[in-house]
Asker: 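Dumping the structure here so I can ask a few things about it.
Chain A is the first sequence line, chain B the second, and so forth, proteins listed ahead of strands; every chain is numbered from 1.
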Amino acid sequence: MDHLRSILENEAPHLLEKRETKPRKEGLTELTDATQGKVVLRFAPNPNGPLSFGHARGLVINSTYRNMYDGVFILRFDDTDTKVKPPMLEAYEQIVEEATWLTGRAPDRVIIASDRMDHYYQHAEQMLENGFGYVCRCSAEEFKEHRQAKTNCPCRDQIPSDNLTLWKGMLKGTYKPGDAVVRVKTDMELKNPALRDWPALRIQDTKAHPHPRPEVGSTYTVWPLLDFQSAVEDHLQGVTHIVRGKDLMDSTRKQTLLYEHFGWKYPETLYWGRVKVHEWGGFSTSQMRKDIESGLYDGWNDPRLPTLSALRDRGIQAKALEQFWLELGITQKDISVPLATLYAHNTKAVDDKAPRLSFVRDAAAFNLEGEHPLDVKVPVHPNHDDMGWRTWTLNEGTIWLEADDVAKMDVRLKEFADVELHDNEARITSIERQDSHPIVHWLPASHASEGILLETKNNQIQRISGQLEHHNHKAGTIVQLERIGYARVMDDGCLMLCHETTDEP
RNA sequence: GCUCGUAUAGUGUAGUGGCCCAUCAUGAAGGACUCUCAUUCCUUCGACCCGGGUUCAAAUCCCGGUACGAGCACCA
């Protein structure tokens with residue numbers, strides 16, 4: 001090897017020079033077949049509750065692609081189930097608002113499936129007329145057997161006119177839920193059992209389970225299933241690219257078969273794997289809904305819940321969520337991530353703007369003894385003089401110290417003086433800083449009031465009481481409590497810790 | 001069971017046959033700066049699932065195994 005190297009050095013030294021390393025890929029991978037200005041993307045959450053952490057991925061990825069290609073981003077409500085996953089009326093508005101907050105702009109288009117039933121009916125009829133769909137009157141169990149045995153169900157051979165008659169019957173309310181369903185004719189021999197003559201529309205009892213939107217209510221009893229509704233709508237909206245979870249891979253295959261029947265071109269599709277968060281495990285919208293109704297949680301923005309509104313109320317910035325999801329990209333791997341990663345992004349988003357504030361937990365009172373200047377001036381932000389100063393006037397002698405710091409005996413009151421602690425006395429030993437005194441945060445009693453810091457820990461909300469520095473930050477401001485962490489101002493006396501601490505093992 | 005998918009440091013991620021004794025972030029440990037246990041900066045730690053094959057050359061291509069995940073709903 002060394003010999004070869006020396007030969008090369010003499011004969012062709014340029015071969016030994018290191019070539020420039022390829023730059024690391026930045027941002028999302030390019031979409032295939034994407035033309036600037038011609039890309040149409042959509043994200044379709046079920047409005048059966050407000051958005052949660054996982055939904056942020058769909059929003060961030062799709063809207064980032066929208067921006068990359070100067071395309072169109074559609075927010076679509078797939079609200080076609082009134083019984084198993086009934087929509088929540090308030091969620092429609094809230095989701096649009098949350099999506100706007102997260103992506104920094106309103107969706108280019110908002111589509112509500114329950115407004116567009118006529119389109120789905122038309123396409124169902126077209127399907128029956130052209131013989132690539134049929135009305136199946138088998139029970140779910142009966143059909144399941146056909147699917148497994150790869151045998152055609154008797155309804156499959158009905159001629160279009162008979163199917164149309166049955167379809168009219170479905171619309172008129174002749175059948176009850178489960179009595180009739182419209183199927184897409186694929187092939188019962190297909191390798192993947194999920195694709196064999198899949199159901200496209202079914203009957204729902206909207207008298208017993210009305211749609212929560214008053215303009216829809218009990219108007220319709222025949223409803224499209226996701227695979228059909230979504231496929232037709234994607235075509236009508238001219239969607240060019242779909243990015244979605246890989247649990248929907250079979251959905252793509254079903255829909256591609258439908259597109260072939262209609263003679264449409266299916267959008268380019270990308271998938272991501274499942275994401276779990278260490279600290280949260282599994283949460284489903286319907287489970288959260290139950291737990292809120294039963295009183296286990298205070299509401300959708302309960303800080304223990306992984307909803308977007310809860311995260312937002314805890315002071316997680318849209319930018320941090322965006323960075324977090326972009327960093328994960330769109331791999332199909334199933335992953336489990338710690339919240340620490342999100343918090344690291346949030347710290348970056350928040351620190352430079354966060355005013356500093358003192359909060360003394362489990363405050364112990366001390367009398368200040370000794371000579372000292374009357375005023376203490378502390379910066380609002382150590383790196384930004386232009387953010388101003390906090391001035392504390394020490395006309396009274398009482399100061400607050402954290403219970404945990406009291407044990408240290410000799411401490412440096414941050415930005416002020418070294419003191420010795422005896423009983424309830426804090427005797428000033430030096431105004432100048434002496435080495436080796438641990439620096440602690442503190443407050444003069446005249447500039448502090450009783451306050452509460454809320455922290456989510458082990459799925460509990462801890463209320464930490466203490467003395468909070470007087471301030472006039474508006475509710476919603478993210479401050480940094482010195483030596484504690486970032487917190488969001490709830491109201492004058494109450495703060496919420498942004499990044500909960502984890503107990504050391 | 002059938003079908004489909006994925007496997008790179010503790011956690012994520014880059015890498016599409018030679019730029020790779022493998023990138024970046026996060027994490028952990030140490031340090032500098034700092035009158036915060038913050039921010040910023042520096043250093044260190046640590047990985048190509050296993051076994052075959054193709055090739056002059058494999059993290060990368062092929063086959064097999066293993067592990068994990070998803071779908072097989074008249075839910076989305």
Asker: Of the listed nucleotides (B:A76, B:G27, B:G69), which one gets closest to any side-chain atom of A:Arg274?
Answerer: B:G69
Asker: If we take the C1' atom in both B:U6 and B:U39, what is their distance in whole Å?
Answerer: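 My reading of the C1' atoms in B:U6 and B:U39 gives 39 Å.
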Asker: Hey, would you say the A:Phe228 and A:Trp223 ring centroids sit under 6.0 Å apart?
Answerer: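 Between A:Trp223 and A:Phe228, which both carry aromatic rings, the centre distance is not below 6.0 Å.
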Asker: Does A:Lys191 put a side-chain nitrogen or oxygen below 4.0 Å from OP1 or OP2 of B:C4?
Answerer: yes
Asker: Mind checking the P distance from B:A9 to B:A14? Whole angstroms is fine.
Answerer: 13 Å
Asker: Are the ring centres of A:Tyr121 and A:Trp167 closer than 6.0 Å?
Answerer: yes
Asker: Which of parallel (below 30°), tilted (30 to 60°) and perpendicular (above 60°) describes A:His471 and A:His473?
Answerer: parallel
Asker: Whether A:Arg183 engages the ring of A:Phe143 as a cation-pi pair (distance to the six-membered ring centre under 6.0 angstrom, angle to the ring normal within 45°) should be assessed.
Answerer: yes
Asker: Parallel, tilted or perpendicular, judged at 30° and 60°: which one describes the rings of A:Trp280 and A:Phe53?
Answerer: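 Perpendicular: the ring planes of A:Trp280 and A:Phe53 meet at over 60°.
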Asker: Rounding to an integer number of Å, can you tell me how far A:Lys276 NZ sits from B:C68 C1'?
Answerer: 10 Å
Asker: Both A:Gln148 and A:Asp250 contact RNA chain B. Which one's nearest nucleotide lies toward the 5' end?
Answerer: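 Upstream on the strand: A:Gln148.
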Asker: Looking at every strand, decide which applies to A:Gly178 at a 4.0 Å heavy-atom threshold: base, sugar-phosphate, or nothing.
Answerer: base
Asker: Over 60° means perpendicular and under 30° means parallel, so classify the ring planes of A:His447 and A:Trp392, tilted if in between.
Answerer: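 The arrangement is tilted - the two ring planes meet at 30° to 60°.
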Asker: Would you indicate what A:Thr80 reaches in the nucleic acid, counting non-hydrogen atoms under 4.0 angstrom: base, sugar-phosphate, or nothing?
Answerer: sugar-phosphate
Asker: Below 4.0 angstrom from OP1 or OP2 of B:U13, is there any side-chain N or O of A:Lys333?
Answerer: yes
Asker: Please report the distance separating the C1' of B:C63 from the corresponding atom of B:U54, rounded so that it comes out in whole Å.
Answerer: 10 Å
Asker: Classify A:Ala140 by what it touches in the nucleic acid, base, sugar-phosphate, or nothing, heavy-atom distance under 4.0 Å.
Answerer: base
Asker: Please check if any side-chain donor atom of A:Tyr486 sits under 3.5 Å from a side-chain acceptor atom of A:Asp351, or the reverse.
Answerer: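 Indeed, the side chains of A:Tyr486 and A:Asp351 share at least one donor-acceptor pair under 3.5 Å.
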Asker: The side chain of A:Gln332 lies closest to which of these nucleotides: B:G5, B:U26, B:G71?
Answerer: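 The listed nucleotide nearest to A:Gln332's side chain is B:G5.
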Asker: P atom, B:C42 versus B:C49: distance in rounded Å?
Answerer: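 Nearest-Å result for B:C42 against B:C49 at atom P: 31 Å.
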Asker: Would you mind classifying the nucleic acid contact of A:Lys348 as base, sugar-phosphate or nothing, using non-hydrogen atoms under 4.0 angstrom?
Answerer: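 Sugar-phosphate contact only.
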Asker: Rounding to a whole Å, what distance do you find between A:Arg196:CZ and B:G71:P?
Answerer: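 In whole Å, B:G71 P and A:Arg196 CZ are 18 Å from each other.
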Asker: In whole Å, measure the gap between the C1' atoms of B:A47 and B:C20 for me.
Answerer: 13 Å
Asker: A:Asp78 has an atom CG; how far is it from atom P of B:C75, in whole Å?
Answerer: 14 Å
Asker: Rounded to whole angstroms, how far apart are CH2 on A:Trp198 and C1' on B:U3?
Answerer: 17 Å
Asker: Nearest to the side chain of A:Thr331, which nucleotide is it out of B:A14, B:C72, B:A76?
Answerer: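 So the nucleotide nearest the side chain must be B:A14.
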Asker: Restricting to nitrogen or oxygen on both sides, can you table the protein-nucleotides 34-38 of chain B pairs closer than 3.5 Å?
Answerer:
unit_1, atom_1, unit_2, atom_2, d
B:C35, O2, A:Arg412, NE, 2.9
B:C35, O2, A:Glu415, N, 3.0
B:C35, N3, A:Arg412, NE, 3.0
B:C35, N3, A:Arg412, NH2, 2.2
B:C35, N4, A:Arg412, NH2, 2.4
B:U36, O2, A:Arg483, N, 2.9
B:U36, N3, A:Gln480, OE1, 2.7
B:U36, O4, A:Arg356, NE, 2.7
B:U36, O4, A:Arg356, NH2, 3.0
B:U36, O4, A:Gln480, OE1, 3.4
B:C37, N4, A:Arg483, NH1, 3.1
B:A38, O2', A:Asp351, OD1, 3.4
B:A38, O2', A:Gln480, NE2, 2.8
B:A38, O2', A:Tyr486, OH, 2.4
B:A38, N3, A:Arg356, NH2, 3.2

Asker: What's A:Ser358 touching, base or sugar-phosphate or nothing? Going by heavy atoms closer than 4.0 Å.
Answerer: nothing
Asker: Send over the distance from A:Ile335 CD1 to B:U26 C1', rounded to a whole Å.
Answerer: 13 Å
Asker: Round to a whole Å and report the spacing from CG of A:Leu248 to P of B:A76.
Answerer: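 Going from A:Leu248 (CG) to B:A76 (P), I get 11 Å.
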Asker: Do A:Arg244 and A:Thr252 have side-chain atoms, one donor and one acceptor, less than 3.5 Å apart?
Answerer: yes
Asker: For residues A:Glu233 and A:Gln229, is any side-chain donor paired with an opposing acceptor at under 3.5 Å?
Answerer: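 Short answer, no.
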Asker: If you check every side-chain atom of A:Lys85, which of B:U40, B:A76, B:C2 has the closest atom?
Answerer: B:A76
Asker: Is there a donor-acceptor contact under 3.5 Å linking the side chains of A:Ser358 and A:His441?
Answerer: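 Distance-only check fails for A:Ser358 and A:His441.
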Asker: Check the orientation of A:Tyr343 and A:His499. Use parallel for under 30°, tilted for 30 to 60°, and perpendicular for over 60°.
Answerer: parallel
Asker: Whole angstrom is fine here: how far is it from CG in A:Asp334 over to P in B:G12?
Answerer: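 One finds 10 Å between P of B:G12 and CG of A:Asp334, rounded.
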Asker: If I pick the P atom on B:C62 and the same atom on B:U44, what distance separates them, to the nearest angstrom?
Answerer: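 Taking atom P in both B:U44 and B:C62, they lie 37 Å apart.
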Asker: From CH2 of A:Trp223 over to P of B:A76, roughly how many Å is that when rounded to an integer?
Answerer: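 Distance check: A:Trp223 CH2 to B:A76 P gives 10 Å.
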Asker: For atom P, what is the distance between B:U8 and B:A32, given to the nearest Å?
Answerer: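 The same atom, P, in both gives a distance of 37 Å.
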Asker: Represent RNA chain B in dot-bracket notation, 5' to 3'. Only Watson-Crick or G-U wobble pairs with both distances under 3.5 Å count; pseudoknot-style crossings use [ ] and interstrand partners use |.
Answerer: (((((((..(((.....[.....)))((((((.......))))))...(((((..]....))))))))))))....
Asker: Are side-chain N/O atoms of A:Ser336 and A:His278 paired as donor and acceptor at under 3.5 Å?
Answerer: yes
Asker: Measuring only the P atom in each nucleotide, how far is B:G69 from B:C75? A whole number of Å is fine.
Answerer: 26 Å
